[in-house]
Amino acid sequence: MDSTTPDRRSTFDALYADDPDPWDYETSSYERQKRQQTIAALTRTRYERAFEVGCSIGALTEELAPLCESLIAIDVAEAALERASRRLAAHSNVVFYVGEIPSQWPEGSFDLIVLSEVLYFLTAGEIETTSCLCYRSLRKGGECLLVNWTGHNDLPVDGIEASNLFADASPWNRSLKWDENRYRIDLLRSS
């Protein structure tokens with residue numbers, strides 16, 4: 001994989017330097033409930049090869065790992081990945097990479113791709129490119145799961161717009177699995 005874009009990487013590295021768990025993944029009941037809903041949205045009990053984008057400190061990765069034969073987890077922040085690696089040290093099926101989508105996309109195909117709370121950090125064009133990469137990388141019958149916070153933000157797009165941009169960029173079959181005033185979960189499959 002190529003080197004990571006310096007601006008985003010330095011922003012997130014600084015964020016994790018200030019707080020090793022900046023979104024309170026380990027202590028927040030909201031985060032715990034969202035992870036439970038994310039796992040519940042999956043339709044299979046086992047996936048051969050999965051890709052998790054924006055794994056952070058590995059809280060969701062830890063839930064996904066037992067469901068996957070092989071799981072690639074990527075994040076832009078090296079400090080987050082170091083913590084995730086320690087958390088999942090006993091899971092030999094998980095491989096971590098420092099990288100940024102869409103420019104650093106792994107080779108091969110997947111039967112599960114998870115993008116949780118990452119799309120709105122991208123530009124509209126990057127979201128559309130990511131959708132196309134996911135669509136091309138997804139095996140027949142595979143699933144692409146989007147989790148997006150729906151509140152106001154000061155990022156390029158909000159969670160609802162990010163989800164819609166992603167879904168409209170490729171011929172996805174889309175079903176809404178969870179929608180409340182704080183986040184939404186969309187399950188997409190290739191048409």
Let me confirm one number: the [atom1]-[atom2] distance from [X] to [Y], rounded to the nearest 0.5 Å.
| X | Y | atom1 | atom2 | answer |
| --- | --- | --- | --- | --- |
| Glu126 | Thr129 | CD | OG1 | 7.5 Å |
| Thr150 | Asp179 | OG1 | CG | 6.5 Å |
| Thr123 | Glu128 | OG1 | CD | 8.5 Å |
| Leu81 | Phe96 | CG | CZ | 7.0 Å |
| His152 | Asp154 | NE2 | CG | 6.5 Å |
| Leu71 | His91 | CG | NE2 | 10.0 Å |

Minimum side-chain heavy-atom gap [X]-[Y] below 4.5 Å:
| X | Y | result |
| --- | --- | --- |
| Leu64 | Glu52 | yes |
| Ile113 | Ser137 | yes |
| Phe51 | Leu112 | no |
| Val76 | Phe121 | no |
| Glu117 | Asn148 | no |
| Cys132 | Arg136 | yes |
| Leu42 | Arg44 | no |
| Ile39 | Leu60 | yes |

**Prompt:** When you look at Gln37 and Lys34, which way does the side chain to side chain contact (heavy atoms under 4.5 Å, CB included) test go after all the steps?
**Reply:** CA-CA 5 Å; Gln37 290 298 330; Lys34 186 174 61 180; 5.7 Å; no
Which heavy atom of [X] sits nearest to which heavy atom of [Y], and what is that distance?
| X | Y | value |
| --- | --- | --- |
| Cys144 | Leu138 | N-CD2, 4.1 Å |
| Trp178 | Gln33 | CZ2-NE2, 3.5 Å |
| Asn93 | Cys68 | ND2-O, 2.7 Å |
| Ile101 | Gln104 | CG2-O, 4.2 Å |
| Asn153 | Asp158 | ND2-CA, 3.5 Å |
| Ala50 | Asp111 | N-OD1, 4.4 Å |

**Prompt:** Is the distance between the ring centroids of Tyr47 and Phe110 less than 6.0 Å?
**Reply:**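 Between Tyr47 and Phe110, the centre distance exceeds or equals 6.0 Å.
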**Request:** Would you kindly confirm whether Leu176 and Phe166 end up in one hydrophobic cluster when ILVMFWY residues are joined by side chain heavy atoms under 4.5 Å apart?
**Result:** no
**Request:** Please check if Ile160 and Val157 belong to a single hydrophobic cluster, counting links between Ile, Leu, Val, Met, Phe, Trp and Tyr side chain heavy atoms closer than 4.5 Å.
**Result:** no
Identify whether the distance between the nearest side-chain nitrogen and carboxylate oxygen of [X] and [Y] falls below 4.0 Å.
| X | Y | value |
| --- | --- | --- |
| Glu78 | Arg83 | no |
| Glu69 | Arg49 | no |
| Arg32 | Glu63 | no |
| Arg139 | Glu48 | yes |

**Item:** side-chain hydrogen bond (donor to acceptor under 3.5 Å, both in side chains) contacts touching residues 163-176 (sequence neighbours left out)
**Value:**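 Every pair satisfying side-chain hydrogen bond (donor to acceptor under 3.5 Å, both in side chains) with a residue in residues 163-176: Ser131-Ser170, Ser131-Trp172, Ser163-Arg174, Ser163-Asp186, Asn164-Arg174, Arg174-Asp186.
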**Request:** Could you please spell out the steps behind the side chain to side chain contact (heavy atoms under 4.5 Å, CB included) verdict for Leu115 and Leu145?
**Result:** CA-CA 6 Å; Leu115 297 106; Leu145 197 66; over 6 Å; no
**Prompt:** When you look at Glu82 and Arg87, which way does the salt bridge (Lys or Arg N to Asp or Glu O under 4.0 Å) test go after all the steps?
**Reply:** CA-CA 9 Å; Glu82 288 170 6; Arg87 174 191 293 267; over 6 Å; no
**Request:** Check the pair Arg189, Leu187 against side chain to side chain contact (heavy atoms under 4.5 Å, CB included), reporting the backbone distance first and the verdict last.
**Result:** CA-CA 7 Å; Arg189 293 188 178 95; Leu187 181 66; 3.7 Å; yes
**Request:** Evaluate the criterion side chain to side chain donor-acceptor pair (under 3.5 Å) for residue pair Tyr25 and Glu62; output intermediate values, then yes/no.
**Result:** CA-CA 12 Å; Tyr25 291 126; Glu62 191 171 31; over 6 Å; no
**Asked** Counting distance only, does the side-chain N/O of Ser28 pair as donor-acceptor with the main-chain N or O of Tyr30 below 3.5 Å?
**Response**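 Here the side-chain-to-backbone pair exists.
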**Stepwise side chain to side chain contact (heavy atoms under 4.5 Å, CB included) check, Trp149 with Ser116** = CA-CA 9 Å; Trp149 183 66; Ser116 180; over 6 Å; no
